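Heads up, the thing below is written out as structure tokens.
Computed over heavy atoms, backbone and side chain alike; hydrogens, waters and symmetry mates excluded. Since we're looking at a predicted model, the values are computed, not measured.
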Amino acid sequence: MPFLLCLLLLPGLVCGVQSVKAGTSDVGYRIALIDRFYPPPQGFASDEDKINHGWLYGMVDLDADQQREPFYHGDLVQMIAAHPKLLFLRFPIRDGQPPMAEILSNLRQIRINQARRPIDALLLCWESSSLISAFERPLRLEHASHYRALVRDWGLSDPVWHTTYQIILQLQALARDGVRVFTIAGNGGRGMVNTFSFADGVTTVGASEPELSHFIASNAFVNRRAPAAYQFRRLDDGAGNPLGYDLNGDGCTDIPLQRLSGYGVAGQQYPKNYWQALIGSSFAAPAALKAELAGENQQCLPQ
């Protein structure tokens, strides 16, 4: 039986279908993205609920107004992957439901939709991780079916592991259908493995930065690496007036000033470089997907 199950990113680093504009009419790929997004599907009961929800699921307070910006984990994942060639179809994880069950439900819906609304790729930046020692040390790619069987057996007595095993089966089915499936290495460090990576045909993305090896998992199932650390940097116009923030270093305004919670407040200051970096394999996976499907050429989306 596993020692630890990681369902979310570590605290402080975080962790219906909604179409998002692609920026041009010649969309090359349709990407399904399962995650938490702002606003939540159920909306907000009050202004207080909106603020509290933001502190629970928001990730940055760029303008230091004591309210986190209206961008959740999935919004930031999509920013890193954004490109005019990519159209994202959002499958939200709802509040009040077990996240693994929500992921499984969304995967089943995606497969049902394949006949009439097919996707080209799936981006799943969540993890269900366990100690490598619960399987075998070192892990061996050729033993993946044995590892899947262990997860299946754990699920006979644990409903969360049962759901994890069903997710693995869904990921395999999508990969067999030709969908490019991207998941994450996980953020448990050297001794952990994201069991989603046991699914045949998936791309498991870890960090390209060697200095993050103590935090982001690296094992035999990590078959792609990409930058996993990102810093918000303010972009200005020619006169030095702030325009917004660039997250992935491509020189594009990912978050316009007008979308910040404190925009329009007299005397509001906007730091040139936000103090907190985004770090995690959740942010490596969208970079890897973008590089594979859209190439290295940067193009800004219209705001």
Side-chain angles (χ1 to χ4, degrees), residues 6 8-10 12-15 29 31 33-35 59-60 71 73-83 85-86 88 120-129 132 137-141 144 171 175 180-199 201-233 245-252 254-255 273-300:
C6 298
L8 293 171
L9 295 177
L10 295 181
L13 296 170
V14 204
C15 177
Y29 299 96
I31 317 298
L33 176 55
I34 302 174
D35 217 314
M59 299 184 67
V60 293
F71 303 98
H73 185 261
D75 301 298
L76 299 180
V77 166
Q78 184 178 323
M79 282 181 199
I80 293 171
H83 190 280
K85 290 184 179 179
L86 306 181
F88 290 90
D120 301 293
L122 167 72
L123 186 54
L124 179 59
C125 294
W126 285 60
E127 61 180 280
S128 184
S129 292
I132 289 173
R137 187 182 291 275
L139 292 173
R140 301 177 185 275
L141 289 173
L171 296 178
R180 294 183 229 196
V181 179
F182 289 76
T183 191
I184 65 174
N187 298 331
R190 299 181 181 92
M192 302 292 288
V193 58
N194 180 10
T195 58
F196 295 159
S197 65
F198 296 156
V202 306
T203 298
T204 302
V205 186
S208 59
E209 300 93 337
E211 61 270 24
L212 295 180
S213 61
H214 68 288
F215 172 57
I216 295 178
S218 180
N219 53 66
F221 286 87
V222 176
N223 49 19
R224 189 74 183 265
R225 299 183 187 276
Y230 294 85
Q231 189 81 45
F232 285 96
R233 291 184 171 84
Y245 285 89
D246 174 15
L247 172 56
N248 56 7
D250 61 1
C252 301
D254 297 310
I255 299 180
N273 295 294
Y274 185 60
W275 65 273
Q276 182 184 16
L278 290 178
I279 301 174
S281 52
S282 285
F283 309 116
L289 177 144
K290 179 179 178 178
E292 181 169 320
L293 299 184
E296 299 298 329
N297 293 330
Q298 302 292 349
Q299 298 183 48
C300 297

Evaluation steps, side-chain contact (heavy atoms from CB on, under 4.5 Å), between Ile34 and Leu122: CA-CA 8 Å; Ile34 302 174; Leu122 167 72; 4.0 Å; yes
Minimum heavy-atom distance between [X] and [Y], given as atom pair plus value:
| X | Y | value |
| --- | --- | --- |
| Ala144 | Phe221 | CB-CE2, 3.8 Å |
| Asp120 | Tyr29 | OD2-CA, 3.3 Å |
| Leu212 | Ala229 | CD1-CB, 4.4 Å |
| Ala288 | Ala226 | N-CB, 3.9 Å |
| Gly206 | Ile216 | CA-CG2, 4.3 Å |
| Ala284 | Ala228 | CB-CB, 3.9 Å |

For residues [X] and [Y], determine if any side-chain heavy atom of one lies less than 4.5 Å from a side-chain heavy atom of the other.
| X | Y | result |
| --- | --- | --- |
| Asp250 | Lys290 | yes |
| Asn194 | Thr204 | no |
| Ile184 | Trp126 | no |
| Glu127 | Asn187 | yes |
| Val181 | Leu124 | no |
| Leu123 | Asp35 | no |
| Phe182 | Val205 | yes |
| Leu76 | Phe232 | yes |

Just by modelled atom types, is the [Y] backbone N or O under 3.5 Å from a matching donor or acceptor in the [X] side chain?
| X | Y | result |
| --- | --- | --- |
| Thr183 | Ser197 | no |
| Asp246 | Gly251 | yes |
| Ser282 | Cys125 | yes |

Chi angles and distances behind the ring-ring contact (aromatic ring centres under 6.0 Å, His included) call for Phe88, His83: CA-CA 10 Å; Phe88 290 90; His83 190 280; over 10 Å; no
Reported CG-to-CD1 distance for the pair Asp75 and Ile255, which is rounded to 0.5 angstrom: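 Rounded to the nearest 0.5 Å, the CG-CD1 separation comes to 9.0 Å.
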Within residues 211-229 or reaching into it, pairs that qualify as side chain to side chain donor-acceptor pair (under 3.5 Å) - sequence neighbours excluded: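 Applying side chain to side chain donor-acceptor pair (under 3.5 Å) to every pair that reaches into residues 211-229, excluding sequence neighbours, yields Arg190-Ser213, Ser218-Arg225, Arg224-Glu292.
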CA sep, side-chain torsions, deciding dist, call: Ile31, Gln78, side-chain contact (heavy atoms from CB on, under 4.5 Å): CA-CA 10 Å; Ile31 317 298; Gln78 184 178 323; over 6 Å; no
